[in-house]
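First comes the structure, then the notes that go with it.
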Amino acid sequence: MNLLAELRSRLRQALVSFTDSPESFVEMLKPTTDSKFGDFQANCAMPLAKQHKQPPRDLALALIAKLDVADLCDPPEIAGPGFINLRVKTDRLATETALLCRDERLGVTAVSRPRTYIVDFSSPNVAKPMHVGHLRSTVIGHALYRVLKFLGHNVLSDNHVGDWGTQFGMIIYGFKNFRDQAAYDQAPVAELARLYRLVNQLSDYHEQVANLPKLQQQIPVLEQAATAAQRLAAATPADKDAARHARRADQDLVAGRDAITSAEKKITEVQSRPELKALAEAHPQIAELARRETAKLHAGDVENKRLWDEFVPQCLAALETVYQRFGVKFDMTLGESWYNPMLAGIVDELKQKHLAVESAGATCVFIEGNDAPFIVQKADGAYTYATTDLATIRHRIETLHADASLYVVDSRQGEHFQLLFATARKMGYDQAEFRHVSFGTVLGDDRRPFKTRSGDTVGLESLLDEAIQNARKIVDENSGHLSDEERGRVAELVGIGAIIYVDLHHNRDSDYVFSWEKMLATNGDTATYIQYAYARVCGILRKGEVDVAALRLSDAPLLLNSPAERVLALQLNAFSQAVADVAVDYRPNLLTQYLFETANVFARFYDQCTVLKEPDSDIRTSRLLLCDATARVLKQGLELLGIGVTEQM
RNA sequence: GUCUCCGUAGCUCAAUUGGAUAGAGCGUCGGCCUCCGAAGCCGAAGGUUGCAAGUUCGACUCUUGCCGGGGACACCA
């Protein structure tokens, strides 16, 4: 039984004589913030009292009189301004826990009305190797996918890869002009990645060379503006606008100088290397030519399409190896190219419905309240990712019959999704839920957003390798009892688990600072801590040669005589709620938090209650039941997050 | 200029969406292995939640203003 849900349901019944809309008050029943207040607290008496113009404690008293929880709780107590504190009867907790220990799904009941969810995550550009910037989408999306599925929903994961954009023009251009055939034969994807970087760098070089004079000319202007603004601000100290302008002008000047430094750096990088310089000089129009290759591909050029057909499967296969290491599987990988045939139809429909209009040569949808247009066709006739995303929505709703579509994408794309969803609703797709499950940026040590262009980005593969290597060192120090092969397997679980956990345990809205130290940590609030707790429970069951199947089949009672046992039992009963909470607002960190607490509560239990050495056989059996259930909760919970466990480490 | 997000312990982050004394981890200091796995447990120090007003029984959370920072803003996805 989900105790919280049950108590809320009881409260709902009690509330009918106090309010017509009990739901918001029902949700004010929560686990206590401090165990001295009992197990659950209802905070609804205060706001209700206000509605009824009564003293809150009086209202709390009246509410308690209507609240039928005698079978579940000790008599409710009123505390402070009108908090109602509930403490679950220990014998009732014991019988509930006994049931939980026998339940295959650990108290998590499947939803009564399953929905069809599409979870859209990871979605890298197939032309470039994945880097740490792709971590969050992949890891968060995968966790949500597994949680929703476990809750009984019908869930499809979709990797909406970028396989049709300008980057392929660059690769094709690079392939035609710069390829190292031997390198390509040996490691095609690496060679393609090199070609992409090369073409990108050369295009960038010419752009910077062209831009630099303009940037330099601007400096005196900016300097003048800054001094003038400062003078004005100094002359009128009370004028806040003047002060703000002065600061702004200062910032603009700094930004202008930074732009020059950055441009100069890019230019010298090419010029300082003769072979690069020669290539740059030989290909002055490279950016335009690469764009033309893209256009030819889109127009159906035979040669470019042949190259594309050759490249894409190899790129996808390379991505697949990374996903395998993370244990991620997609139900579909429908990239941009897949929607290509539908794009013209989308634009036609938008025009027909008078949703799209022409503006400056481009076809745009304007959403009231937004200055920026939603461009569905560029002036040159090319479609954009806006068009693709609309086609994707149509497919998901008309063919896949999705009730909800989750886009696990960087928060920087918030405006795009706002416009996308608004446009989709105008097109008539207004029944389904569209949700941008946004997440914050991964920052560098300098607290600045991780830049992909800088060249210093950490590849996802090397991140994994490093984590596993580091874990291996720690495993070697700690696990003399394991064979070489077993240690390798454990190091992989620990290393990859650490990475996944670091990402998931942050609130997804927050930015977080990438740090090797934290990525590799195996103590504290980490996956390793929980995996270790799991291994310790398994150690008990193994040493005791416990037949867990028989144990679960037995009708042995749960005995909760010591505080540590009671706390553990309560914690295990909260599993179903923790899983459900993740799905409410798509927040996996609620589950990492729960699992860390569970492991922590178990560690205290482990410290305070002997199991195998317990002389009283009833108590021993009861504790073994708790151990078994703890192991299963930890394992199930970590697996929902995409993290594996091992019985020995 | 418009829009948007953020500011919490030395560091990295939470805070059940308005609840009781703001919590974890790391780091620091101090205890605990003749006892089921010490990758562990227990304890201590560490805070004017950027600043100022307001809303109310009650504010990290909501409102306004200010300070500081990130990000997005017409043809890249």
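Labels below follow one simple rule: chain letters A, B, ... track the order of the sequence lines, proteins then strands, and each chain is numbered from 1.
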Going by purine N1 to pyrimidine N3 plus the second Watson-Crick contact, or the G-U wobble pair, all under 3.5 Å, which nucleotide sits opposite rA45(B)?
none
Pairwise C1' distance for rG47(B) and rG7(B), with rounding to whole Å
15 Å
Think Tyr529(A) has a side-chain N or O under 4.0 angstrom from the OP1 or OP2 of rC41(B)?
yes
For the pair made of CZ in Phe514(A) and C1' in rC11(B), what is the distance, rounded to whole Å?
17 Å
Base of rA74(B), side chain of Ser359(A) - is there a donor-acceptor contact under 3.5 Å?
yes
Counting any heavy atom closer than 4.0 Å, what does Ala386(A) reach on the DNA or RNA strands: base, sugar-phosphate only, or nothing?
nothing
If we call it a pair only when both distances are under 3.5 Å in a Watson-Crick or G-U wobble match, what pairs with rC11(B)?
rG25(B)
Considering every strand and a 4.0 Å limit on heavy-atom distances, what is the contact class for Phe596(A): base, sugar-phosphate, or nothing?
sugar-phosphate
May I ask you to evaluate whether Asn43(A) reaches the phosphate of rA20(B), defined as a side-chain N or O under 4.0 Å from OP1 or OP2?
no
Are Phe83(A) and Phe37(A) near enough that their ring centres are under 6.0 Å apart?
no
Using a heavy-atom cut-off of under 4.0 Å over every strand shown, decide if Asn85(A) touches base, sugar-phosphate, or nothing.
base
In whole Å, what is the span from the CD atom of Gln608(A) to the C1' atom of rC41(B)?
9 Å
Just checking, any donor-acceptor pair under 3.5 angstrom between side chains of Asp120(A) and Ser123(A)?
yes
Ring center gap for Trp164(A) and Trp308(A) short of 6.0 angstrom
yes
At less than 4.0 Å, is any side-chain N or O atom of Arg248(A) found next to OP1 or OP2 of rG1(B)? Yes or no.
yes
Identify whether any heavy atom of Ala372(A) sits under 4.0 Å from a base atom; if not, whether one sits that close to sugar-phosphate; answer base, sugar-phosphate or nothing.
sugar-phosphate
Opposite nucleotide pairing with rC32(B), Watson-Crick or G-U, both atom distances under 3.5 Å:
rG40(B)
Arg247(A) CZ - rG1(B) P separation (whole Å)
12 Å
Taking OP1 and OP2 of rA39(B), is either one under 4.0 Å from a side-chain nitrogen or oxygen of Asn478(A)?
yes
Would you mind classifying the nucleic acid contact of Asp511(A) as base, sugar-phosphate or nothing, using non-hydrogen atoms under 4.0 angstrom?
sugar-phosphate
Would you check if there is a donor-acceptor pair between the side chains of His416(A) and Asp389(A) at a distance under 3.5 Å?
yes
Taking a pair as Watson-Crick or G-U wobble with both distances under 3.5 Å, which nucleotide is matched to rG68(B)?
rC6(B)
chi for rC6(B) classified (syn = within 90 degrees of 0, anti otherwise) as anti
Separation of Tyr501(A) atom OH from rG25(B) atom P, in whole Å?
11 Å
Applying the Watson-Crick and G-U wobble criteria at under 3.5 Å, what pairs with rG54(B)? Answer none if nothing qualifies.
rC62(B)
Atom CD of Glu77(A) with >12 non-hydrogen neighbours under 6.0 angstrom
no
Could you tell me which nucleotide pairs with rG18(B) by Watson-Crick or G-U wobble geometry, both distances under 3.5 Å, or answer none if nothing does?
none
So that I know where these two stand, are Tyr501(A) and His506(A) an aromatic pair - ring centroids less than 6.0 Å apart?
no
Using a heavy-atom cut-off of under 4.0 Å over every strand shown, decide if Gln251(A) touches base, sugar-phosphate, or nothing.
sugar-phosphate
Starting the side chain at C-beta, find the nucleotide from rA39(B), rG25(B), rC36(B) nearest to Ile474(A).
rA39(B)
Would you indicate what Phe168(A) reaches in the nucleic acid, counting non-hydrogen atoms under 4.0 angstrom: base, sugar-phosphate, or nothing?
nothing
I want to verify a distance call: between rG71(B), rA14(B), rA39(B), whose nearest atom is closest to the His506(A) side chain?
rA14(B)
For nucleotides rC76(B) and rU49(B), find the distance between their C1' atoms and express it as a whole number of Å.
40 Å
Verify the distance criterion only: is there a donor paired with an acceptor across the side chains of Glu358(A) and Thr363(A) at less than 3.5 Å?
no
C1'-based separation of rA9(B) from rA44(B) [nearest Å]
14 Å
C1' spacing across the pair rG68(B) / rG30(B), given as an integer number of angstrom
39 Å
Does Arg412(A) put a side-chain nitrogen or oxygen below 4.0 Å from OP1 or OP2 of rC5(B)?
no
Centroid separation under 6.0 Å, is that true for the rings of Phe417(A) and Tyr407(A)?
yes
OP1 or OP2 of rC42(B) under 4.0 Å from side-chain N/O of Arg604(A):
yes
Please report the distance separating the C1' of rU2(B) from the corresponding atom of rC57(B), rounded so that it comes out in whole Å.
40 Å
Aromatic stack Tyr532(A)/rG40(B): centroid gap under 5.5 Å, interplanar angle under 30°
no
Please state whether the phosphate of rA14(B), meaning OP1 or OP2, lies under 4.0 angstrom from any side-chain nitrogen or oxygen of Ser510(A).
yes
Euclidean distance for C1', rG46(B) against rG27(B) (whole angstrom)
11 Å
Write down the partner of rG1(B) under the Watson-Crick or G-U wobble criteria, each distance required to be under 3.5 Å.
rC73(B)
Could you give the distance separating rC66(B) and rG1(B) at their P atoms, to the nearest angstrom?
12 Å
Hey, does Ala79(A) reach any base, or is it just sugar-phosphate, or nothing, if we go heavy atoms under 4.0 Å?
base
Between rC57(B) and Arg57(A), is there an OP1 or OP2 to side-chain N/O distance shorter than 4.0 Å?
no
Regarding Arg587(A) and Asn507(A), do their side chains bring together a donor and an acceptor under 3.5 Å, going by distance alone?
yes
Classify Asn370(A) by what it touches in the nucleic acid, base, sugar-phosphate, or nothing, heavy-atom distance under 4.0 Å.
nothing
Would you call Phe83(A) stacked on rA20(B), i.e. ring centres under 5.5 Å apart with the planes less than 30° off parallel?
yes
What is the nucleic acid contact for Val611(A), judged by heavy atoms within less than 4.0 Å: base, sugar-phosphate only, or nothing?
base
Report yes if a side-chain nitrogen or oxygen of Asn600(A) is closer than 4.0 Å to either non-bridging phosphate oxygen (OP1 or OP2) of rG25(B); otherwise report no.
no
As an exercise, state the distance from CG of Leu11(A) to CG of Leu4(A), rounded to the nearest 0.5 Å.
10.5 Å
Which of these nucleotides, rG71(B), rG19(B), rA24(B), is closest to any side-chain atom of Met28(A)?
rG19(B)
Return the nearest nucleotide to the side chain of Pro373(A); candidates are rA14(B), rA74(B), rA72(B).
rA74(B)
Nearest-Å distance, NZ (Lys50(A)) to P (rG18(B))?
14 Å
Regarding rA72(B), can its base be found pairing with the side chain of Ser411(A) as donor and acceptor, where the two atoms are less than 3.5 Å apart?
no
May I ask you to say what Arg587(A) touches in the nucleic acid, namely base, sugar-phosphate or nothing, with a heavy-atom cut-off under 4.0 Å?
base
Suppose you measure atom C1' in rC67(B) against the same atom in rG50(B); what distance do you get, rounded to whole Å?
7 Å
Please work out if Cys609(A) contacts a base, only the sugar-phosphate, or nothing of the nucleic acid, heavy-atom cut-off 4.0 Å.
base
Ignoring the backbone of Pro47(A), work out which of rC36(B), rG19(B), rA39(B) is nearest its side chain.
rG19(B)
So what does Gln648(A) touch, heavy atoms closer than 4.0 Å: a base, only the sugar-phosphate, or nothing?
base
Under 4.0 angstrom between Lys30(A) side-chain N/O and rU17(B) OP1 or OP2:
yes
With a non-hydrogen cut-off below 4.0 angstrom, is Ala379(A) in contact with a base, only sugar-phosphate, or nothing?
base
